[in-house]
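Please read the structure below before turning to the comments.
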Protein chains: 2
Amino acid sequence: MRPAAPATIKDVARLAGCGIATASRVLNKSGPASTEMRERVERAARDLGFNFNAAGRALQSRKSMTIGCLVPSLANPVFAEAVQGVQSELLGSGYQLLISCSNYDDDADNAAITTLLENNVDGIIATMVAPNRSTALMQTKQRDIPVSLMFHDPIDGMVTAYVDNFVAAAEVARRFAAFGHTRVGFLALRFSTSDRSRNRYAGFYKQCRTSGLAQPSLIEISEEDAHHPERLAAILASYPDVTALFASNDFLAIAVQKATRHLGWQVPQDLSVVGFDGIEVGRLLETPLSTIETSPEAMGRQAAQSLLNALQGLGLKQRPPLPFSFREGETLAAPNPKRTDDDRVAAQPSSVHPAQDQNQSRTNP
Amino acid sequence: MRPAAPATIKDVARLAGCGIATASRVLNKSGPASTEMRERVERAARDLGFNFNAAGRALQSRKSMTIGCLVPSLANPVFAEAVQGVQSELLGSGYQLLISCSNYDDDADNAAITTLLENNVDGIIATMVAPNRSTALMQTKQRDIPVSLMFHDPIDGMVTAYVDNFVAAAEVARRFAAFGHTRVGFLALRFSTSDRSRNRYAGFYKQCRTSGLAQPSLIEISEEDAHHPERLAAILASYPDVTALFASNDFLAIAVQKATRHLGWQVPQDLSVVGFDGIEVGRLLETPLSTIETSPEAMGRQAAQSLLNALQGLGLKQRPPLPFSFREGETLAAPNPKRTDDDRVAAQPSSVHPAQDQNQSRTNP
DNA sequence: TTGTAAGCGTTATCAA
DNA sequence: TTGATAACGCTTACAA
C-alpha cells in the first residue's frame, strides 16, 4: 500500500457535504457558520485526521508562520541556551523555528540570512559576526521582515536583546581595583570578529583608567591556544606583572585556571581570574569561578517576545538591556604581595608567547 | 514606499521575454533551453534579484526541503552539540532545519512531531522520551517520512545513531573491578524516562555481577538534588559503603565532585567517580573527570547522513553504533582501605536520603 | 449562512 | 526548443 496522501480541506468539505470555503471558515473560525455546519465540518476533519498543509497556507497567506534563527554555533552553550529561550517563548505562538549556524563566519552569516529569506520566514532572530554591514540583512528592511538581534549591543536602528557589555566589563575593572590590583589583563578569543568582546574590552579599559589602574594588557589568543593548557600557560607566563585577568568568556576563564596549574600558580593567590557569561559549570569547579552572570536564555526569550510583538503589529521596540550580576565565586582576591617577578620568571616555560603590543595600541578605544 | 514584493518567476519570464515554463527550466536546469534563452533568463533573474519561493515550490513538488529535529532541550550541551552536528551535515544539502524541544515531556514530544508533520518536513531526526510508543511517530510510517533517531539504542525497526550504552556502561564496571572496588553505585537523573539511562544501568549491573562486584546501588535523584550540593552530599552520605560511583552523565559526575567537598571527602581517594558523555569541561576540572567519552556531534552527523541517504532514495539503513572511549581522567582510583564506616557516619549530614531499594529491584534487568 | 472561483508561486504535462 | 495550462492546498472576495 502506498503512503496515504494526507487529507486536504477539500476532502473535509466533501465528507461534510459543504463547500471548501465553509470548511475553511469553520476550521479557521474565520467566518460565520451555522451550528450544524460547524459540527459536520469538525467531525469530518476529526474523522479524516485532517491537518492544514503549511505550504498551501503559506503560499496563500504570505505568512510562513516560521521564524528564522541564526547563531554562530550551537556547540557554544551560551548560544544554545539562547535558542532554547527563543524556542520556549515561541512554543504556544504557532510559529516554528528554522535554525542556522554560521560557525562565526561572515559569509556564512549572509548566506544563511538569504536562505532564511528564501524560506519566507516571517521574522529573524540572529547573532552575527557583523550585523551592521550585512547586505543580506538589508533585504529584511525592504521586505519589511522584523529582525531581533541577540547579544549585540545596540547598533544602527536594530533591536537587540543584550546585556550592556561595556558597563558589565567596567564592573570587573572596579572589582579588580577594589582588591588592589594594578596590572591587569583582558584575555580574548576571536577579538576582532566579536563586537561583544570589543565592547567588553572598551568598558574594561575605560574603567581601568578611571580607577587608576595601568592600561590593561590585551591578550588575544587562538582557538588552539585555548585548547592547550601548556600553550595557554606559556602565554600567561609572558605577562609576568599581570595579577588579575578578565577573560572574555567563562570557558576561557576556566581554561586559564587549568593553565595556571601548569605554572604552579594558585588561583586566586597568584592570579585572579574573572569570566563572563555565568555558565553553570563555573559554580561546580573546585574553585568556583568569579564571573559576570548573564542569562542567555533570557536574551533568547526577550528577542522572541520582541519579534512576536512586531509580528502582531505592535511595533518592534528596543528594550532596556537585560540585567547582569557579579557572581562572587572564589577566583578573585587581592594580589599576592609576596610573589615577585623572580618567582614568575622561574615558573615560566621555555616557549613564550610574544607580548602583542601592536594589538594593544590598535584596539585602544 | 511599501515593501517591494520579491520577484517571482513570472517577473523573470516577463523580463526575459519568455514563458514561465522556460524560465523554470533554465533556473532549475531541469530541461532543454537554447544558449541564448539561458542567458536571457539568467540575466533577468540576476537583475531582479530573483529567489525561489519555498512555499510555492513545496506546494507543487510536495517536498518542503525541510527536516524536522526534535530534542529534549538545547540547554543540555549534549543535545545542542548533536543538533550542531545535524546542522553542519545538512549545510550544503539544500535542506533547512526546523527545530523543536520537548523539555523531556512525552506529550510535548508527540505534539512536536505532529507540528513538524503539519509543516511537511521531508524527514525527522529525533531524541524522544518514548519513541517506541509515540503515536505521532507512527504517522511518519504512513506518510513514508524517514525518521532517524539519535542517542537511543535500537528499538523496533527504527534507525538510530547511538553509542552502545549497555556495552559502554559495562566498561565502567570492568574498570571499577580492576581497581578493586566491590561496592559501587549508579547515580541517575530522570531514570524512569530515559532509555539511555536504563540501558547504562543494565550494562553496568550485568558487568558488576560478571566481575563479581556486589549488586550496584541505584541512586535516583531529582533535578533539585542535582543542583544543591548539600542535598546531593546528604544523599551520597547515605550510601556509606559505596566506594565508586558511576554517574549517568558528566554534569551529575561533576556535581558529585562538588558535593563530596561538603562531606570532606576526596575524589578519588574517598570516592571514585566516573561520568558519561565526555563533555569538554570535564577535562578542565582541577581533577579531570574520568568518563565515557562519546561524540554527540558525530551522532548528529550520522543521523543526518542516514536521513539524507534515505531522502535520496538510497534507503534508510541502520549503521553500527558509534565508538566511545574511556577517558582516564583522575577521578578513578583504588578504594581507600583506611576509610572506615565510622568516618563516613561521622561526616554524614543530618538530612539523609532514604535508600531506594524498591527502585533497585524494580529495575533489575 | 453558504458556495464558486480566483489566485498565491511553482513545476510538469503536453502541444506547438 | 518553447509556451500555455493545469494542478498543488489554501484563503478570501464576491455572489447567491
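Chain naming here is simple, since letters A, B, ... match the order of the sequence lines and numbering starts at 1 in each.
The side chain of A:Leu59 approaches D:dG9 more closely than any other nucleotide in the set D:dG9, D:dT11, C:dT2. Closest to the side chain of B:Arg57, from the set C:dT10, D:dC8, D:dC10, is C:dT10. Picking from D:dT2, C:dG9, C:dT10 the nucleotide with the shortest atom distance to the side chain of B:Pro32 gives D:dT2. Each of C:dT2, D:dT2, C:dT11 was ranked by its minimum atom distance to the side chain of A:Met37; first place goes to C:dT2. Distances were taken from every side-chain heavy atom of B:Ala21 (C-beta onward) to each of D:dT11, C:dT10, D:dA4; the shortest belongs to D:dA4. For A:Thr22, taking side-chain heavy atoms from C-beta onward, the closest of the listed nucleotides D:dT11, D:dT1, C:dG3 is C:dG3.
Contact annotation: B:Ser24 side-chain N/O to C:dA12 OP1/OP2 distance is not under 4.0 Å. The phosphate of D:dA7 (OP1 or OP2) has no side-chain N or O of B:Arg62 nearer than 4.0 angstrom.
In this structure, A:Gln60 atom CD and D:dC8 atom C1' are separated by 13 Å, rounded to whole Å. B:Asn28 has its CG atom 16 Å from the C1' atom of D:dT2, to the nearest Å. If you measure from atom NZ of B:Lys10 to atom P of D:dG3, you get 15 Å, rounded to the nearest angstrom. As rounded to whole Å, 14 Å separates atom C1' of D:dG9 from atom CG of B:Asn119. Regarding A:Leu48, its CG atom lies at a distance of 15 Å from the C1' atom of D:dG9, rounded to whole Å. The nearest whole Å value for the distance from the CZ atom in A:Phe50 to the C1' atom in D:dC10 is 9 Å. Atom CE of B:Met65 is separated from atom C1' of C:dG9 by 17 Å (rounded to the nearest Å). Atom pair B:Leu27:CG and C:dA12:C1' shows a separation of 16 Å (rounding to whole Å applied).
Between A:Ile20 and B:Gly19, the residue whose closest nucleotide on DNA chain D is further toward the 5' end is B:Gly19. Map B:Gly56 and B:Ser30 each onto its nearest nucleotide of DNA chain C; the residue landing nearer the 5' end is B:Gly56.
Atom CZ of A:Phe50 sits about 12.5 Å away from atom NZ of A:Lys10, to the nearest 0.5 Å. Rounding to the nearest 0.5 angstrom, the gap separating the CD atom in A:Glu118 from the CD1 atom in A:Ile113 is 12.0 Å.
In this structure, A:Ile125 and A:Leu97 have side chains that are not in contact, with every pair of non-hydrogen atoms separated by 4.5 Å or more. Contact check for A:Leu117 versus A:Arg143: side-chain heavy atoms found under the 4.5 Å cut-off.
A:Asn309 and A:Arg319 are not linked by any side-chain donor-acceptor pair at a separation below 3.5 angstrom, with hydrogens and angles left out of the test.
In this structure, B:Asn120 reaches neither bases nor backbone, as no heavy-atom distance under 4.0 Å exists between it and the strands shown. Among the protein residues, A:Ser61 comes within range of no part of the nucleic acid, since none of its heavy atoms lies under 4.0 Å from any strand.
Residues B:Ser134 and B:Asn110 share a closest heavy-atom pair of OG-OD1, 2.7 Å.
Evaluation of atom-type donor-acceptor distances gives a pair under 3.5 Å for the side chain of A:Arg25 against the base of C:dG3.
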